[in-house]
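Below, all heavy atoms of this structure are taken into account, side chains as well, without hydrogens, waters or symmetry copies. The first residue in the sequence is number 1, and the count goes up from there.
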Amino acid sequence: MDTRRAGERTGEWARHWRWTALPGLDLLRARYVRHTFPLHSHDGYVFGAVTRGVEEVGLPGGTERAGPGTVVMINPEVPHTARAGVPEGWAYATLYPSASVIAEIAAETTTVRGTVGFAEAMVEAPHAAHLISEVHRAAEEGDALAADSLLRVAVAHLLRHHGGPLPARTARSAGARTAARARELLEERLADPPTLEQLAAELGTGPFALLRAFRAAYGMPPHTWLTDARVRRARRLLEGGTAPAEAAAAVGFTDQPHLNRHFTRIVGVPPGAYRRERAGDRLRSAART
């Protein structure tokens with residue numbers, strides 16, 4: 001469901017959807033004015049083409065501004081924020097391909113070995129930005145051949161001009177190992193997590209030492225990471241048809257409004273709209289078969 005009508009008074013609208021004809025890809029087309037994305041990350045890649053206004057993106061290295069013709073490229077698990085950089089906000093078309101989709105395209109079109117990524121978070125690339133918008137247009141028109149072709153051409157173009165191997169991970173320090181174990185424990189207890197003091201005691205460290213180690217490893221404190229992880233889990237439940245209230249309880253939010261608030265801030269659309277888009281795609285796919 002497109003949220004244009006709901007946002008008419010604010011000038012904001014968004015559509016976040018997935019099409020079964022393009023597996024491993026989420027699409028978001030939106031205009032935001034007052035909406036701000038809190039610190040979060042994605043398990044796949046982000047390619048956002050700004051079409052109007054200015055988007056400010058907060059990254060580990062600082063804040064960058066993207067205007068029309070700019071492509072924002074964010075590697076998996078990189079923490080970031082986003083907000084309007086001008087009073088009129090920004091509009092963009094964004095692709096969220098999975099790591100496996102990018103790896104497949106890279107294997108066919110580049111000589112890069114290992115995991116590919118992007119050293120620059122933003123590039124002036126009007127041609128690539130146009131291709132990203134055209135992927136959206138083709139998908140919205142139901143043209144699977146064009147959408148898939150344009151997606152591959154766009155990604156190959158960005159990889160050829162701006163991609164390269166991501167640095168190999170170095171051996172983990174004791175702090176990094178502690179942070180990884182803390183993350184595992186939080187994933188296991190998503191709905192009923194321990195306090196910071198309890199988590200630190202279980203790992204044989206102090207609360208402030210754990211905070212420092214976790215932030216160094218994941219770019220955010222444990223409670224921020226936990227909210228992001230809950231929203232990711234809620235997304236999977238909603239995609240399977242779970243009602244928002246049930247998803248909220250399953251992942252540890254106190255109630256549906258609690259889920260609505262965090263889900264909308266991080267994903268960009270409310271959980272109900274997100275679920276309806278997925279249900280609609282399943283119905284359209286079933287009708288075609």
*Non-hydrogen atoms of Ala30 and Ala14 that approach each other most closely*: CB-CB, 3.6 Å

*Begin with the C-alpha distance, continue with both residues' side-chain angles, and end with the deciding distance and a verdict on side-chain contact (heavy atoms from CB on, under 4.5 Å) for Leu203 and Leu185.*
CA-CA 10 Å; Leu203 295 170; Leu185 291 172; 3.8 Å; yes

_Val116: which residues meet the side-chain contact (heavy atoms from CB on, under 4.5 Å) condition with it, sequence neighbours left out?_
Tyr45, Ile102, Ala106, Val112, Leu159

*Closest heavy-atom contact between Thr70 and Ala66?*
CG2-CB, 3.7 Å

*Kindly write out the residues that satisfy side-chain hydrogen bond (donor to acceptor under 3.5 Å, both in side chains) with His40, not counting sequence neighbours, or none if the list is empty.*
His42, His80

*Do you reckon Leu59 sits in the same ILVMFWY cluster as Leu166, going by side-chain contacts under 4.5 Å, direct or chained?*
no

*Is a donor on one side and an acceptor on the other found under 3.5 Å between the side chain of Thr51 and the backbone of Ala91?*
yes

*Does atom CD of Glu187 have more than 12 heavy-atom neighbours from other groups under 6.0 Å away?*
yes

*First locate atom CZ of Arg236, then atom OG1 of Thr242, and finally report the distance between them rounded to the nearest 0.5 Å.*
11.5 Å

*Interatomic distance, Glu246 atom CD to Leu238 atom CG [nearest 0.5 angstrom]*: 10.0 Å

_Atom pair CD (Glu64) and CD (Glu120), whose distance is rounded to the nearest 0.5 Å_ = 9.0 Å

*asked:* In this structure, would Val71 and Val57 fall into the same cluster of hydrophobic residues linked by side-chain contacts under 4.5 Å?
replied: no

*asked:* Whether the side chain of Arg230 engages the backbone of Leu190 through a donor-acceptor N/O pair (distance < 3.5 Å, no angle test) should be reported.
replied: yes

*For Ala200 and Gly206, work out which heavy atoms get closest and say how close.*
CB-C, 3.6 Å

*Using the six-membered ring wherever Trp is involved, compare the ring planes of His262 and Phe253 and label them parallel, tilted or perpendicular (cut-offs 30° and 60°).*
parallel

*Can you find a heavy atom in the side chain of Thr94 that is under 4.5 Å from one in the side chain of Leu27?*
no

_So, using side-chain hydrogen bond (donor to acceptor under 3.5 Å, both in side chains) as the criterion, who are the partners of Arg181 when residues are at least two apart?_
Glu184

*Kindly compute the distance separating CG (Asp26) from CZ (Arg18), expressed to the nearest 0.5 Å.*
4.0 Å

*In the single-linkage hydrophobic clustering (I, L, V, M, F, W, Y; side-chain heavy atoms under 4.5 Å), do Ile132 and Ile105 co-cluster?*
yes

*asked:* For Ala147 versus Ala138, what's the shortest heavy-atom pair and its separation?
replied: N-CB, 3.6 Å

*Which residues satisfy the side-chain hydrogen bond (donor to acceptor under 3.5 Å, both in side chains) test with Thr115, sequence neighbours excluded?*
none

*asked:* Within the 4.5 Å heavy-atom criterion, are Val78 and Val46 side-chain neighbours or not?
replied: no

*Please round to the nearest 0.5 Å and tell me the distance separating atom CD1 of Ile266 and atom CG of Leu39.*
9.0 Å

_For a quick test of reading the model, state the closest non-hydrogen atom pair linking Pro193 to Leu226 and the distance between them._
CG-CD2, 3.6 Å

*Is there a donor-acceptor contact under 3.5 Å from the side chain of Arg52 to the main chain of Pro68?*
no

*asked:* For Pro76, is there any backbone N or O sitting under 3.5 Å from a side-chain donor or acceptor partner on Asp43?
replied: no

*Among all residues two or more places apart in sequence or in another chain, which pass the ring pair (Phe, Tyr, Trp, His ring centres under 6.0 Å) test with Tyr32?*
His35, Phe37, Trp90

_On a heavy-atom basis, which atom in Ala217 and which in Ala179 lie closest, and how many Å separate them?_
CB-CB, 3.7 Å

*asked:* Determine whether a donor-acceptor pair (N or O, by modelled atom type, separation under 3.5 Å) exists between the side chain of Glu12 and the backbone of Val33.
replied: yes

*Show the numbers, then the answer: is there a side-chain contact (heavy atoms from CB on, under 4.5 Å) between Met122 and His162?*
CA-CA 10 Å; Met122 294 187 188; His162 308 288; over 6 Å; no

*asked:* If hydrophobic clusters are built from ILVMFWY residues whose side chains come within less than 4.5 Å, do Leu131 and Phe47 share one?
replied: yes

*Within a reach of under 6.0 Å around CZ of Arg232, are more than 12 heavy atoms found that belong to other residues, nucleotides or ligands?*
yes

_Please say yes or no: joined through hydrophobic side-chain contacts below 4.5 Å, possibly via intermediate residues, are Trp19 and Tyr96 part of one cluster?_
no

*Output every pair passing side-chain hydrogen bond (donor to acceptor under 3.5 Å, both in side chains) with a member in residues 137-155, not counting sequence neighbours, ordered by first then second residue.*
Arg29-Glu140, Glu104-Arg152, Glu134-Arg137, Arg137-Glu141, Asp148-Arg152

*Quick one: pull up CG in Leu28 and OH in Tyr274 and give me the separation to the nearest 0.5 Å.*
11.0 Å

*Under the side-chain contact (heavy atoms from CB on, under 4.5 Å) criterion, do Val50 and Arg65 qualify, and how do the steps go?*
CA-CA 10 Å; Val50 176; Arg65 292 166 60 87; over 6 Å; no

*Kindly determine whether Leu95 and Leu25 satisfy side-chain contact (heavy atoms from CB on, under 4.5 Å), including the steps that lead there.*
CA-CA 7 Å; Leu95 306 175; Leu25 177 72; 4.0 Å; yes

*asked:* Is any side-chain heavy atom of Pro270 closer than 4.5 Å to one of Thr264?
replied: yes

*Just wondering, do His16 and Arg235 contact through their side chains at under 4.5 Å, heavy atoms?*
yes

